Trainee: 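The structure is given below, and queries will be raised subsequently.
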Amino acid sequence: MRSFRNPEHQHQQHADKLSSGVTMSSAREIVCAMALVLACLAAMPPASAASGDGGILYRPSAASLVAARCPSSCGDVNISYPFGIGAGCFRQGFELTCDNATKPPKLFLGNSSTEISYISSGDSLVEAPMFFNGTFGSGMNNMSWEWEAPAEGITIRSYNNLYVLGCDFDVNLFDYERNPIGSCMSRCHGNVLPKQGTCNGIGCCFIILQKDIAGFQATFSRADGMAAQSDSMHPGIMAFMSYRYYDYMHNVTNLFPGWTNTSKINGALLDFAITDQPSCKSAQMNNASYACGTYSYCTNTSSSYGGYYCSCSSYLSNPYLLEGCTQDYNPKSKENCRRSCGNMNISFPFGLEEGCFGNERFRLNCTSTADTLFSTGDTQYRVTGISVEDGTLTVSNMLNNASTGKEAIIVETDERGDMDLDGPVEDQFDFSMEYDIIIRWAVTNLTCKQATQNITKYACRSENSYCVSVTHGKIFMGYGCKCSPGFKGNPYVWDGCTDIDECLLPNYCNGMCQNIPGSYKCTPCPHGKEFDSIRRRCVTSTKQRNILLGIAIGTGCGLGSIVIALGVIILANKWKKGIQKRIRRAYFKKNQGLLLEQLISDESATSKTKIFSLEELEEATNNFDATRVLGRGGHGTVYKGILSDQHVVAIKKSKIVEQIEIDQFINEVVILSQIIHRNVVKLFGCCLEDEVPLLVYEFISNGTLYELLHTDTTVKCLLSWDDRIRIAMEAAGALAYLHSAATIPIFHRDVKSSNILLDNNFTTKVSDFGASRSLSLDETHVVTIVQGTFGYLDPEYYHTGQLTEKSDVYSFGVILVELLTRKKPIFINDLGAKQSLSHYFVESLHEGSLVQILDSQVVEEADQEEINEIASLTEACLRVKGGERPTMKEVDMRLQFLRTKRLRKRQHLTEKEGDIEPLLCREDNKLYGHIDLNNAGSSGCYGLEQEFASSFGLPR
């Protein structure tokens with residue numbers, strides 16, 4: 001259903017227009033339009049743009065219609081485009097016919113019998129009287145009344161009513177497709193006339209249209225058993241289609257006498273639409289035949305036949321003309337406008353000069369005697385006051401060049417003596433008397449909702465303003481602007497509404513007043529103070545002063561007590577810290593800290609092992625927070641720490657050790673601190689101020705070889721054959737260095753893949769010397785309690801307890817098997833039983849089935865010669881008798897030889913076949929030294945904080 005304006009307002013406006021004819025303003029417009037005839041004739045489209053029946057399919061201008069001598073009225077009905085009479089005066093399908101034979105002449109749609117009593121192009125509607133008089137003849141029980149739209153696009157608007165007057169009948173109403181719309185009945189019960197002012201089924205009934213229809217059929221039937229009685233009262237009925245508010249605006253009972261006085265009945269409201277295109281979208285694509293003018297709005301109809309209609313924000317404009325919807329209000333004035341006349345301040349939208357007022361209605365004149373004049377037509381008024389915020393103009397002493405100033409002049413006022421600029425109410429006032437007239441004005445004849453749709457023409461410019469409706473009595477005039485509550489000034493200019501300082505005005509604030517935008521904030525006086533109305537501020541009473549004095553004395557005593565208490569607390573803390581310092585110093589001596597200081601005093605500054613204080617390590621680990629734990633194991637717990645110089649370290653906090661091991665621990669710290677090898681985790685220092693010593697290691701960020709080999713390969717990356725050889729060679733070199741190149745030989749005693757770490761560049765780092773033992777140069781072995789990890793443990797060491805350098809060789813051989821097979825040292829075989837990887841490898845090698853147990857990637861990338869060499873070396877490392885095993889130096893040399901041979905072969909292939917890159921992550925297709933390994937879910941391989949964790953994950 002199309003939205004529309006207040007019908008009561010519309011009907012009143014329509015009646016006014018019919019009664020007043022052409023206004024002075026419209027006459028001036030016609031004169032101006034005539035002046036443009038010649039120019040518009042040159043701009044008219046060619047004759048081909050007109051249809052064969054005289055209709056046109058383009059948007060004409062008002063001047064071109066004047067030039068074509070198009071009739072502007074027929075009798076009392078004003079004609080507005082797209083309707084018209086004569087070729088070139090109407091849009092195709094909207095031709096009208098004027099019957100001048102009647103008095104007054106009548107206007108019809110085309111050649112049909114549908115009469116038109118009013119046309120509103122701005123609302124895309126017409127008013128058509130629809131009446132039916134019928135009489136039930138002798139033996140006649142049924143009558144019908146039909147109407148069908150004379151042209152496509154014409155529909156009866158919903159919420160029109162079908163009124164039927166008469167006695168004892170039934171009415172049924174159908175649309176043009178014979179679908180039922182509604183029904184009603186009338187009974188008189190012996191009374192010819194219904195009750196005064198009602199249409200409730202007694203002598204009168206009505207049916208409301210619930211939707212737009214293009215035609216209807218009404219059937220009238222005598223009520224059963226009422227034929228004779230009805231004939232004696234009134235044999236006929238009267239029916240008419242009218243707007244639903246008709247029943248409230250007229251007394252239907254006045255129609256009964258003679259049933260011919262229909263002059264006061266409003267006709268039905270008909271919508272019309274443009275149907276040469278099915279929708280706005282298709283119409284706008286063909287601009288030559290598009291019906292809507294400038295600044296108009298196009299809306300699709302809801303009818304099944306399609307089409308569209310045009311509208312303006314003001315129904316007074318014609319959206320079907322070329323100039324379209326006029327926007328006659330300018331919300332911005334030019335700069336440097338004159339804003340006073342004598343003592344009168346002229347605020348916008350009023351102005352004295354061209355471009356300084358909102359529109360012509362707000363133009364004022366300043367005389368040489370400094371009088372401000374307001375003109376309407378030929379009549380002038382002396383302005384005595386302007387209030388843009390209240391929307392009023394106060395005038396007095398009318399001046400008229402054509403009168404003596406003593407005659408009675410008709411002006412528009414209301415019952416209070418107020419007057420509007422375009423009001424419909426007329427009274428007589430004699431302006432020879434001296435008194436003021438208040439004129440209320442609106443910006444334009446738009447609602448607030450319509451005005452805000454075109455923000456460029458919206459009059460309320462100040463940020464702190466809002467729109468209000470302006471009325472003349474009960475008649476809507478348009479919209480105006482006001483400043484928001486708490487602001488004052490001119491809402492029609494930018495920043496015109498300024499904040500009111502309510503704190504400077506009389507108010508009810510008995511406290512501290514704070515002005516805020518649009519209001520004020522009142523804060524009551526604080527407790528113990530009272531408001532001084534003379535000084536307008538909160539003051540302290542005498543009683544309160546005494547109370548404050550007592551409070552001050554009490555507060556002073558309290559503060560003194562607090563100071564004493566704080567002093568006691570500070571002294572207690574110092575005493576506590578002294579005790580802790582003495583305890584830490586005692587632990588330092590107990591843990592042979594003095595001896596260690598002497599042993600490392602001769603070291604160079606660059607490699608010198610640092611003795612950390614417990615306070616430093618507590619700060620680095622956030623007091624050994626559980627979230628900093630990297631791993632736990634048999635020897636203790638490893639924490640991640642950040643030193644004061646922002647170095648990241650791994651701090652190993654050992655479990656309680658026996659006092660007899662302290663001396664040996666100190667010697668090992670000294671020895672390990674002297675190990676400088678790129679493939680050995682660096683020991684930065686230790687802390688001896690705790691019950692057990694703490695070791696500070698280099699932080700290794702990319703996990704262990706164990707994780708790289710045995711984590712699910714669908715998630716982690718695959719090691720290439722070149723990377724496996726390199727990692728094995730680097731680990732062997734580190735162990736060989738410990739065995740033969742260090743100042744004192746060191747046996748690791750817990751060589752395993754989880755103790756081989758990988759740094760940022762995937763360089764191998766041998767770690768975890770918690771179980772390591774050192775020997776003097778003349779010793780070949782040492783007898784110790786057996787320690788190690790099952791699967792890597794040397795069987796000879798396990799049975800004899802004698803630890804030699806060949807024990808580390810055996811454990812390294814197990815790592816070589818892991819690299820070849822990607823199986824764990826103790827794994828579950830095909831029968832579901834646990835099996836030693838070293839025994840499994842030796843058996844497969846002796847049985848000649850080595851290839852079957854190798855990792856598929858090794859078989860794919862390595863050649864048979866390389867596999868045989870590694871297998872031979874591994875078998876030698878895994879021999880049961882330690883004396884038959886090679887030394888770590890020999891293992892290192894064989895691995896270096898194998899890698900050198902491998903690199904030369906690859907270089908030869910590269911020269912022949914192009915670049916071949918050893919890949920650590922196949923899917924990344926990058927060199928291992930440039931892979932981001934910090935994101936476990938991405939293409940990287942390992943998380944950041946898995947250092948040392950695996951060192952404690954397996955039993956020893």
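Note that the coordinates shown come from a computational prediction; the quantities given were computed from them, not determined experimentally.
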Trainee: How about Cys292 and Cys298 - are their SG atoms less than 2.5 Å from one another?
Mentor: no
Trainee: Applying side chain to side chain donor-acceptor pair (under 3.5 Å) between Ser124 and each of Tyr308, Tyr320, Tyr309, report the one that passes.
Mentor: Tyr320
Trainee: Show your working on side chain to side chain contact (heavy atoms under 4.5 Å, CB included) between Ile79 and Leu96 and close with a plain yes or no.
Mentor: CA-CA 9 Å; Ile79 302 172; Leu96 300 177; 3.9 Å; yes
Trainee: Thr456 and Asn454: side-chain donor and acceptor closer than 3.5 Å?
Mentor: yes
Trainee: Holding to ring pair (Phe, Tyr, Trp, His ring centres under 6.0 Å), I want the full list of residues that pass it with Phe350, two or more places apart in sequence or in another chain.
Mentor: Phe362, Trp441
Trainee: Strictly below 4.0 Å, N to O, side chains only: are Arg363 and Glu354 in salt-bridge contact?
Mentor: yes
Trainee: Nearest 0.5 Å please: distance from the CD atom of Glu115 over to the CG atom of Leu107.
Mentor: 8.0 Å
Trainee: List the atom of Ser64, the atom of Pro60, and the distance in Å for their closest heavy-atom pair.
Mentor: OG-CB, 3.5 Å
Trainee: Tell me if the NZ atom of Lys334 is crowded by more than 12 foreign heavy atoms within 6.0 Å.
Mentor: yes
Trainee: Search all heavy atoms of Val388 against all heavy atoms of Tyr492 and return the closest pair with its distance.
Mentor: O-CE1, 3.3 Å
Trainee: Between Asp276 and Arg91, is any pair of side-chain heavy atoms under 4.5 Å apart?
Mentor: yes
Trainee: Establish, yes or no, whether a centroid distance under 6.0 Å links the rings of Phe94 and Phe83.
Mentor: yes
Trainee: Just jot down the salt bridge (Lys or Arg N to Asp or Glu O under 4.0 Å) partners of Lys106, sequence neighbours excluded, or say none.
Mentor: none
Trainee: Does CD in Glu146 sit with more than 12 non-hydrogen atoms of other residues, nucleotides or ligands closer than 6.0 Å?
Mentor: yes
Trainee: So, applying ring-ring contact (aromatic ring centres under 6.0 Å, His included) with Phe216, which one of Trp145, Phe132, Phe174, Tyr176 is it?
Mentor: Trp145
Trainee: Taking the side chain as everything from C-beta on, heavy atoms only, tell me whether Ile439 gets closer than 4.5 Å to Phe374.
Mentor: yes
Trainee: Does some side-chain heavy atom of Leu321 sit less than 4.5 Å from a side-chain heavy atom of Leu65?
Mentor: yes
Trainee: Between Val126 and Phe272, is the side chain to side chain contact (heavy atoms under 4.5 Å, CB included) condition met? List the steps.
Mentor: CA-CA 8 Å; Val126 296; Phe272 67 84; 4.2 Å; yes
Trainee: Does Ser186 reach the main-chain N or O of Gly166 with its side chain, forming a donor-acceptor pair under 3.5 Å?
Mentor: yes
Trainee: How about Val171 and Thr219: do any of their side-chain heavy atoms sit closer than 4.5 Å?
Mentor: no
Trainee: Find the distance between CD1 (Ile156) and CD (Glu148) and round it off to the nearest 0.5 Å.
Mentor: 11.0 Å
Trainee: Do the side chain of Thr301 and the main chain of Gly306 share a donor and acceptor less than 3.5 angstrom apart?
Mentor: yes
Trainee: Quick one: do Ser289 and Asn286 satisfy side chain to side chain donor-acceptor pair (under 3.5 Å)? Show the steps, please.
Mentor: CA-CA 6 Å; Ser289 63; Asn286 189 1; 3.2 Å; yes
Trainee: Phe131 vs Phe240 aromatic rings, parallel, tilted or perpendicular, using cut-offs 30° and 60°?
Mentor: tilted
Trainee: For the pair Cys205 and Cys199, evaluate disulfide (SG to SG under 2.5 Å) and give the outcome as yes or no after the intermediate values.
Mentor: CA-CA 5 Å; Cys205 72; Cys199 186; over 6 Å; no
Trainee: Out of curiosity, Ser221 OG to Asp170 CG, how far, rounded to the nearest 0.5 Å?
Mentor: 6.5 Å
Trainee: Testing the basics here: between Glu152 and Thr275, what is the closest heavy-atom pair and its distance to 0.1 Å?
Mentor: OE1-OG1, 3.5 Å
Trainee: Carefully, step by step, assess Ile213 and Asn160 under the rule side chain to side chain contact (heavy atoms under 4.5 Å, CB included).
Mentor: CA-CA 10 Å; Ile213 57 175; Asn160 279 285; over 6 Å; no
Trainee: Taking only residues two or more places apart in sequence, or in another chain, which ones meet Lys332 in a side-chain contact (heavy atoms from CB on, under 4.5 Å)?
Mentor: Asn330, Arg461
Trainee: Would you say the side chain of Phe90 lies within less than 4.5 Å of the side chain of Ile56, judging by non-hydrogen atoms?
Mentor: no
Trainee: With Asp175, which residues qualify under salt bridge (Lys or Arg N to Asp or Glu O under 4.0 Å), at least two apart?
Mentor: Lys211
Trainee: Hey, what do you get for OG (Ser387) to CG (Leu393), rounding to the nearest 0.5 Å?
Mentor: 10.0 Å
Trainee: Where do Leu109 and Pro150 come nearest, in terms of heavy atoms and distance?
Mentor: CD1-CG, 3.6 Å
Trainee: With a 3.5 Å distance limit and no angle check, can you tell me whether Glu127 reaches the backbone of Gly267 through a side-chain donor-acceptor pair?
Mentor: yes
Trainee: Between Cys448 and Cys467, does the disulfide (SG to SG under 2.5 Å) criterion hold? Intermediate values first, please.
Mentor: CA-CA 6 Å; Cys448 288; Cys467 181; 2.1 Å; yes
Trainee: Taking atom CD of Glu335 as the centre, does the number of heavy atoms from other residues, nucleotides or ligands within less than 6.0 Å exceed 12?
Mentor: no
Trainee: If you apply the rule side chain to side chain contact (heavy atoms under 4.5 Å, CB included), what do you find for Ile346 with Ile386, and how did you get there?
Mentor: CA-CA 7 Å; Ile346 311 297; Ile386 299 174; 4.0 Å; yes
Trainee: Look up atom CD in Gln92 and atom CD1 in Ile274, then write down how far apart they are to the nearest 0.5 Å.
Mentor: 10.5 Å
Trainee: Check whether any side-chain heavy atom of Leu270 sits under 4.5 Å from a side-chain heavy atom of Thr155, and report yes or no.
Mentor: no
Trainee: When you compare the side chains of Asn161 and Ser242, does any donor N or O come within less than 3.5 Å of an acceptor on the partner?
Mentor: no
Trainee: Just jot down the salt bridge (Lys or Arg N to Asp or Glu O under 4.0 Å) partners of Asp495, sequence neighbours excluded, or say none.
Mentor: none
Trainee: Could you check whether atom CG of Asn179 has more than 12 heavy atoms from other residues, nucleotides or ligands sitting under 6.0 Å from it?
Mentor: yes
Trainee: Is the backbone of Tyr81 close enough, under 3.5 Å, to the side chain of Ser121 for a donor and an acceptor to pair up by distance?
Mentor: yes
Trainee: Measure SG to SG for Cys483 and Cys497 and state whether it is below 2.5 Å.
Mentor: yes
Trainee: Any donor and acceptor pair, going by atom type alone, linking the side chain of Tyr479 with main-chain N or O of Ala459 inside 3.5 Å?
Mentor: yes
Trainee: Tell me whether Arg361 contacts the main-chain N or O of Ala442 through its side chain, where contact means a donor paired with an acceptor under 3.5 Å.
Mentor: yes
Trainee: Counting N and O atoms only, with roles assigned by atom type, does the side chain of Asn172 sit under 3.5 Å from a partner on the main chain of Ser183, one being a donor and the other an acceptor?
Mentor: no
Trainee: Taking the side chain as C-beta and beyond, is there a heavy-atom pair between Arg59 and Asn287 under 4.5 Å?
Mentor: yes
Trainee: Using the ring of each side chain (for Trp, its six-membered ring), is Tyr329 parallel, tilted or perpendicular to Phe348, with breaks at 30° and 60°?
Mentor: tilted
Trainee: Take Tyr290 and Tyr58 through the ring pair (Phe, Tyr, Trp, His ring centres under 6.0 Å) test and state the conclusion after the steps.
Mentor: CA-CA 7 Å; Tyr290 184 44; Tyr58 60 87; over 10 Å; no
Trainee: Do Thr447 and Phe476 come close enough that some side-chain heavy atom pair is under 4.5 Å?
Mentor: yes
Trainee: Are the gamma sulfurs of Cys98 and Cys74 separated by less than 2.5 Å?
Mentor: yes
Trainee: What residues form a salt bridge (Lys or Arg N to Asp or Glu O under 4.0 Å) with Glu177, not counting sequence neighbours?
Mentor: none
